[in-house]
Amino acid sequence: MEALSAINLSTTSLPPSAKKLKISRSSFAAPLKVVVGPNAEEFFINEELICAQSKFFKAVCRERWKSGRSRVIILVEDDPTLFAIFLSWLATGDIESCSEFLEVAAPPHSEVKLIEQTYAQWEQLRRCYNLGNFLLAPPFKNAAVNLLIETSKSLLMSHNMFPCRTVQELETVY
C-alpha cells in the first residue's frame, strides 16, 4: 500500500469516465458484452465504466431487464465503427485516438480530395453525435461537437464551404 501512495495519480491525463469512477470488485469480473450492427460484431467493456458515461447502458444493465441479467446488450441498428469510436473515447477521452476515426490527410496539391475527406470526417462526427444522443452520453456528444466545430471551421475558413450538404445533416446537429 505504501508503494501506491508514492505514485502521483494525476487525473489530468485520464479519460472523463475514469476521473470520478468508483471501482468495485465486480469491475474485475466478466465484462459486459455488446453486440453491434447487422453482422453482430461483439465488443467487451467494463460495465461500470460504460454505465458511468451512458445513461442508456446504466438503464439496460439493471437486473430488472433481461440484458442486465444476461450481461449482453444487443444494438442491431447501430454502426460498429461508431461504437468502436465511442469505446475508444471511453478509454482515452479522445475520439481521434480510435483507428476507425477518419483522418484528413490528402496528398499535397489535391484540394478536392482534402475537401472530400473533411466532409467524410464531418459526417462521421455527426453520426458519433447521434450515437451519443441515443446512448444518452452527453460528454461523448460534447467531444463530437468540439471536433465538429473544428472541422466546420476548416471547411469554412480554408475552403469557403458550408459543412452541411443537406438539410437533414443540418437539422441533426442543430
Side-chain angles (χ1 to χ4, degrees), residues 9-24 26-28 30-62 65 67-68 71-105 117-155 163-166 168-174:
L9 295 176
S10 171
T11 60
T12 56
S13 62
L14 296 175
S17 55
K19 291 181 183 178
K20 296 181 183 178
L21 181 63
K22 198 160 192 136
I23 302 294
S24 70
S26 66
S27 296
F28 302 101
L32 183 67
K33 179 179 176 179
V34 185
V35 181
V36 184
N39 295 329
E41 277 192 50
E42 294 180 350
F43 295 87
F44 297 88
I45 185 73
N46 174 279
E47 183 177 335
E48 289 178 351
L49 182 64
I50 201 165
C51 289
Q53 291 299 317
S54 168
K55 291 178 184 170
F56 169 82
F57 278 100
K58 190 173 186 176
V60 299
C61 287
R62 291 190 178 135
W65 300 104
S67 56
R71 300 181 47 78
V72 176
I73 312 298
I74 299 172
L75 304 172
V76 178
E77 301 291 321
D78 291 298
D79 183 335
T81 298
L82 300 177
F83 193 74
I85 292 171
F86 173 71
L87 292 183
S88 291
W89 169 83
L90 193 63
T92 65
D94 181 16
I95 288 175
E96 295 172 291
S97 68
C98 183
S99 62
E100 304 289 332
F101 181 73
L102 296 176
E103 296 289 333
V104 176
Q117 287 178 352
T118 306
Y119 272 121
Q121 184 183 71
W122 194 92
E123 176 61 17
Q124 186 182 56
L125 288 166
R126 182 187 70 81
R127 294 177 64 221
C128 282
Y129 177 88
N130 289 345
L131 177 66
N133 198 43
F134 172 75
L135 297 178
L136 302 171
F140 180 65
K141 287 173 31 179
N142 290 344
V145 164
N146 288 341
L147 289 173
L148 275 167
I149 290 169
E150 285 181 34
T151 305
S152 297
K153 280 182 186 177
S154 170
L155 284 167
C164 303
R165 292 180 171 179
T166 68
Q168 178 191 7
E169 289 176 356
L170 186 62
E171 287 174 347
T172 301
V173 175
Y174 300 104

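In this text, all values refer to a predicted model and were calculated from it rather than measured experimentally. For the single chain, residues carry numbers from 1 onward in sequence order.
- Surrounding NZ of K58 are at most 12 heavy atoms belonging to other residues, nucleotides or ligands under 6.0 Å away.
- Between the CG atom in D79 and the CG atom in N130 there is a gap of 11.5 Å [rounded to 0.5 Å].
- Between the side chain of S67 and the backbone N or O of V60 there is at least one donor-acceptor pair closer than 3.5 Å.
- Side-chain contact between Q124 and L82 is present, with heavy atoms from C-beta onward closer than 4.5 Å.
- A pairwise comparison of heavy atoms in F44 and P31 identifies CB-CG, 4.0 Å as the closest pair.
- Shown here for A59 and W65, the closest heavy-atom pair between the two residues is O-CD1, 3.1 Å.
- Atoms SG and CG, from C98 and L87 in turn, are 8.5 Å apart once rounded to the nearest 0.5 Å.
- With hydrogens and angles left out, the side-chain atoms of W122 and S152 include a donor and acceptor closer than 3.5 Å.
- Under the 4.5 Å side-chain criterion, counting only non-hydrogen atoms from C-beta, I45 is in contact with V34.
- For D78, the side-chain contact (heavy atoms from CB on, under 4.5 Å) partners are V36, L75, L131, F134, not counting sequence neighbours.
- Residues forming a ring pair (Phe, Tyr, Trp, His ring centres under 6.0 Å) with F43 (at least two apart in sequence, or on another chain): F83.
- In terms of heavy-atom proximity, I73 sits nearest to C61 at CD1-SG, 4.3 Å.
- Residues passing the salt bridge (charged side-chain N to carboxylate O under 4.0 Å, His left out) test with E42, sequence neighbours excluded: K33.
- Taking the side chain as every heavy atom from C-beta outward, S54 and F140 never approach each other to under 4.5 Å.
- Note: E96 CD to S88 OG = 12.0 Å, rounded to the nearest 0.5 Å.
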Item to check | Check against side-chain contact (heavy atoms from CB on, under 4.5 Å), V72 and V35 | outcome: CA-CA 7 Å; V72 176; V35 181; 4.2 Å; yes
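- For the side-chain contact (heavy atoms from CB on, under 4.5 Å) test, residues two or more places apart in sequence or in another chain that qualify with E150 are L147.
- Closest approach of E103 and Q117 over heavy atoms only: O-OE1, 4.2 Å.
- Note: L90 CG to L49 CG = 4.0 Å, rounded to the nearest 0.5 Å.
- A 4.5 Å side-chain heavy-atom check between F86 and L135 finds at least one atom pair inside the cut-off.
- In this structure, C128 and L148 have side chains that are not in contact, with every pair of non-hydrogen atoms separated by 4.5 Å or more.
- By the side chain to side chain donor-acceptor pair (under 3.5 Å) test, E47 pairs with R71, sequence neighbours left out.
- Every residue was checked against the side chain to side chain donor-acceptor pair (under 3.5 Å) condition with N142, not counting sequence neighbours, and none meets it.
- Looking at every heavy atom in both residues, T151 comes nearest to Q121 through OG1-OE1, 3.1 Å.
- In this structure, OG1 on T81 lies 8.0 Å from CZ on R127, to the nearest 0.5 angstrom.
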